[in-house]
Amino acid sequence: MLEDLKKVVYEANMMLPEYKLVTFTWGNVSAVDREAKLFVIKPSGVPYEDLKPEDMVVVDFDGNKIEGKMNPSSDTPSHAVMYKYFEKVGGIVHTHSPYATSWAQSGRSIPCYGTTHADYYYGEIPCLRVLTAEEIDEAYELNTGKLIVNEFKRMNKDPMAVPACLCKNHGPFAWGKNAVDAVHSAVVLEEVAKMALRTEIINPKVEPAPQVLQDKHYYRKHGANAYYGQGNN
């Protein structure tokens, strides 16, 4: 079942150690088949060097395992909720990459200080609130996904314009139109987090980039009038 998607998800998961986004088993990638209303995700706690495409687990939007020899990632309920409500999202990544996680542990959103950030994210990358004791005890991973969905709705943020967030005291989630695009977002998020930290060290009084510059860089790559790259003319 979904053998081609399993291969895609396996290859995307293998990109995480390649780009130094994970230590040990601290991360996962999933990708969705919208027509089947199923997604494929990494199995829980399996070292990356031991993974094979056939180890990937097929899950439904309620987090139920449909096919697989192993248990799916413990973060599966978070992915399931996000696929259910972020209808344009095709792939999701969760890691504990050090720079993005440092911002999450600090409880701070990442401001847009320059054009590298603006090329990929429209505005700051939000750090969401920590879950309540009740939310943690009731259904931790499920409520993490609900928090992401509900906070993006509350803030009126388009998840495809800001394809990442930080969960306070936890770590980053990133997503995209497919698994590889989601990994790309996670890599950029880590680099942007690193740059923002260094920027604040160099200049503690730094201000976000002017909005006109942020808009120029975001919209030249995204939207109807985008002209960056090939095939946009």
Side-chain angles (χ1 to χ4, degrees), residues 6 8-32 39-57 59 63 65 68-83 89 91-110 120-121 125-131 135-136 139-148 163-176 178-197:
K6 287 179 184 177
V8 167
V9 171
Y10 164 77
E11 291 174 350
N13 271 283
M14 298 309 290
M15 293 171 70
L16 299 187
E18 177 184 349
Y19 284 101
K20 296 180 172 57
L21 294 183
V22 297
T23 302
F24 299 125
T25 61
W26 304 352
N28 47 71
V29 183
S30 69
V32 70
F39 65 96
V40 174
I41 194 167
K42 175 186 176 288
S44 179
V46 179
Y48 285 87
E49 60 269 24
D50 295 339
L51 284 176
K52 301 182 292 296
E54 57 267 30
D55 294 331
M56 302 300 107
V57 185
V59 184
K65 183 169 77 170
K69 298 175 291 184
M70 292 186 255
N71 293 327
S73 167
S74 58
D75 295 304
T76 294
S78 304
H79 291 239
V81 173
M82 293 168 69
Y83 283 129
V89 168
I92 298 170
V93 177
H94 173 53
T95 74
H96 291 257
S97 58
Y99 284 92
T101 300
S102 296
W103 284 85
Q105 291 181 169
S106 300
R108 285 191 58 195
S109 300
I110 304 176
Y120 291 91
Y121 305 102
I125 299 165
C127 183
L128 311 183
R129 66 172 175 83
V130 68
L131 294 175
E135 288 170 327
I136 292 168
Y140 174 58
E141 293 84 5
L142 178 66
N143 285 328
T144 297
K146 287 182 177 180
L147 173 68
I148 294 169
C165 71
L166 309 174
C167 291
K168 187 178 180 182
N169 304 124
H170 185 181
F173 282 80
W175 50 87
N178 54 48
V180 172
D181 192 44
V183 173
H184 189 96
S185 179
V187 173
V188 174
L189 171 61
E190 181 67 359
E191 290 301 312
V192 165
K194 185 189 304 182
M195 291 177 193
L197 173 61

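A quick note: this is a predicted structure, and the numbers were derived from the prediction, not measured. Here, residue 1 is the first one in the sequence, and each next residue gets the next number.
At distances below 3.5 Å, not a single donor-acceptor pair connects side-chain atoms of Asp50 with backbone N or O atoms of Pro47. Checking side-chain atoms of Asp75 against main-chain N and O of Ser78 turns up no donor-acceptor pair under 3.5 Å. The closest donor-acceptor contact from the side chain of Trp103 to the backbone of Leu166 lies at 3.5 Å or more, if one exists at all. Without hydrogens or angle criteria, Glu141 side chain to Thr76 main chain gives no donor-acceptor distance under 3.5 Å. Here the side chain of Ser185 pairs no donor or acceptor atom with the backbone of Gly176 at under 3.5 angstrom. Not a single donor-acceptor pair under 3.5 Å links the side chain of Ser106 to the backbone N or O of Arg108. At distances below 3.5 Å, at least one donor-acceptor pair connects side-chain atoms of Ser109 with backbone N or O atoms of Cys127. Listed for the His94 side chain is a donor-acceptor partner under 3.5 Å among the backbone atoms of Pro172.
Across every non-hydrogen atom of Ser97 and Thr95, the tightest pair is N-OG1, 3.1 Å. Heavy-atom minimum distance, Glu190 versus Leu21: CB-CD2, 3.8 Å. The minimum heavy-atom distance between Val57 and Met70, with the atom names listed, is CG2-O, 3.6 Å. Across all non-hydrogen atoms, the minimal contact from Ala174 to Ala182 is CB-O, 4.1 Å. Nearest heavy-atom pair across Thr25 and Tyr48 is CA-CE1, 4.0 Å. Closest heavy-atom contact between Lys65 and Pro72: CD-CD, 4.0 Å.
Residues Tyr140 and His170 have side chains in contact (heavy-atom distance under 4.5 Å, counting atoms from C-beta outward). In this structure, Leu189 and Ile110 have side chains that are in contact, with non-hydrogen atoms separated by less than 4.5 Å. Here the side chains of Met56 and Leu51 are in contact, with some heavy-atom distance below 4.5 Å. Between Val183 and Val187 there is a side-chain heavy-atom pair separated by less than 4.5 Å. In this structure the side chain of Val29 never reaches within 4.5 angstrom of the side chain of Lys42, judged on heavy atoms. Between Thr101 and Trp26 there is no side-chain heavy-atom pair separated by less than 4.5 Å. Residues Val81 and Leu142 meet the side-chain proximity criterion, which asks for heavy atoms closer than 4.5 Å. Proximity of Leu16 to Val93: side-chain heavy atoms (C-beta onward) are separated by under 4.5 Å at one or more points.
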Next item on the list: Begin with the C-alpha distance, continue with both residues' side-chain angles, and end with the deciding distance and a verdict on side-chain contact (heavy atoms from CB on, under 4.5 Å) for Thr144 and Phe173.
Entry: CA-CA 10 Å; Thr144 297; Phe173 282 80; 3.9 Å; yes

Checklist line | Stepwise side-chain contact (heavy atoms from CB on, under 4.5 Å) check, Ser30 with Trp175 | finding: CA-CA 9 Å; Ser30 69; Trp175 50 87; over 6 Å; no

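In terms of the side-chain contact (heavy atoms from CB on, under 4.5 Å) criterion, residue partners of Val188 (sequence neighbours excluded) are, by chain and number, Tyr120, Tyr121, His184, Val192. Among residues two or more places apart in sequence or in another chain, the salt bridge (Lys or Arg N to Asp or Glu O under 4.0 Å) test is passed with Glu135 by Arg129.
Going from atom CD1 of Ile148 over to atom CG of Leu128 covers 6.5 Å, rounded to the nearest 0.5 Å. Taking NE2 of His96 as the reference point, atom CZ of Phe24 lies at 13.5 Å (rounded to 0.5 Å). Annotation: the span from Tyr99 atom OH to Met195 atom CE amounts to 11.5 Å, rounded to 0.5 Å.
Classification of the His79-Tyr83 ring pair by plane angle, with boundaries at 30° and 60°, yields tilted.
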